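What follows is a short report on a single structure.
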Amino acid sequence: MHNQLIINFETVADTFSKLGYPTYLIYVLGVCQFIGLAMILINKSHWVLEWVYAGFFMNYTLGALAHLAIKDGNGASAVVCIVLLFVTYIQSRKIRNTNNELEAFGKPEFVKYI
């Protein structure tokens, strides 16, 4: 019951089994994705941010390839995630300078004049 508060564990575990992965990876991927999301939100280091985006890209790409390999037709959500990841990555690069600080149009002083 407690596993269904966030995800339907049985369905995800069944999908992981069909893909040929052990079910303990559900927890590992969940923790890693949570840490990655926290790193994006905290955004203290440009280097860390680049690695977080790379990790998400590898996760989604390998997920799409796994679905493609077993031909179950469920890889579209991973492709959508890859596209959204690229959009957020490009937007993040546009609003931050080389010191990982917000550029002028991303700062509150600019926003109050709009």
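Heavy-atom basis, side chains included; hydrogens, waters and symmetry copies ignored. Being a predicted model, the structure only gives us computed values, none of them experimental.
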With the 4.5 Å side-chain cut-off for hydrophobic clustering, are F16 and M58 part of the same group? no
Heavy-atom side-chain proximity of Y21 to L29 below 4.5 angstrom: no
Just grab all the salt bridge (charged side-chain N to carboxylate O under 4.0 Å, His left out) pairs involving residues 16-28, residues at least two apart or on different chains. D14-K18
Among residues at least two apart in sequence or on other chains, which ones pass ring pair (Phe, Tyr, Trp, His ring centres under 6.0 Å) with F57? F86
Please find the pair of heavy atoms, one from M39 and one from V48, that lie closest to each other, and give the distance. SD-CG1, 3.9 Å
Sort and list the pairs that fulfil salt bridge (charged side-chain N to carboxylate O under 4.0 Å, His left out) and have at least one residue in residues 54-67, not counting sequence neighbours. none
Listed once per pair and sorted, the salt bridge (charged side-chain N to carboxylate O under 4.0 Å, His left out) pairs that draw on residues 26-41, sequence neighbours left out: none
Run the ring pair (Phe, Tyr, Trp, His ring centres under 6.0 Å) test against Y53 and tell me which residues pass, sequence neighbours left out. Y89
Mind checking what makes side-chain contact (heavy atoms from CB on, under 4.5 Å) contact with A13, not counting sequence neighbours? F9, T23, I26
Other cluster members, L37 - Ile/Leu/Val/Met/Phe/Trp/Tyr, side-chain contacts below 4.5 Å: L41
Same cluster or not: I35 versus L85, using hydrophobic residues (I, L, V, M, F, W, Y) connected whenever any side-chain heavy atoms lie under 4.5 Å apart? yes
Report whether V12 and Y24 are members of the same hydrophobic cluster (ILVMFWY, side-chain heavy atoms less than 4.5 Å apart, transitive linking). yes
Closest non-hydrogen contact found for A78 with Y60 is CB-O, 3.5 Å
If you look only at pairs with a residue in residues 45-55, which of them pass as a salt bridge (charged side-chain N to carboxylate O under 4.0 Å, His left out), with sequence neighbours excluded? E50-R93
T11 backbone acceptor or donor facing T15 side chain under 3.5 Å: yes
In the single-linkage hydrophobic clustering (I, L, V, M, F, W, Y; side-chain heavy atoms under 4.5 Å), do V83 and I40 co-cluster? no
Suppose clustering is done on Ile, Leu, Val, Met, Phe, Trp and Tyr with side-chain heavy atoms closer than 4.5 Å. Which residues sit in the same group as V79? none
Shared hydrophobic cluster for I42 and L49 (ILVMFWY, side-chain gaps under 4.5 Å): yes
Supply the members, apart from L84, of the Ile/Leu/Val/Met/Phe/Trp/Tyr cluster built from side-chain contacts under 4.5 Å; use none for a lone residue. V80
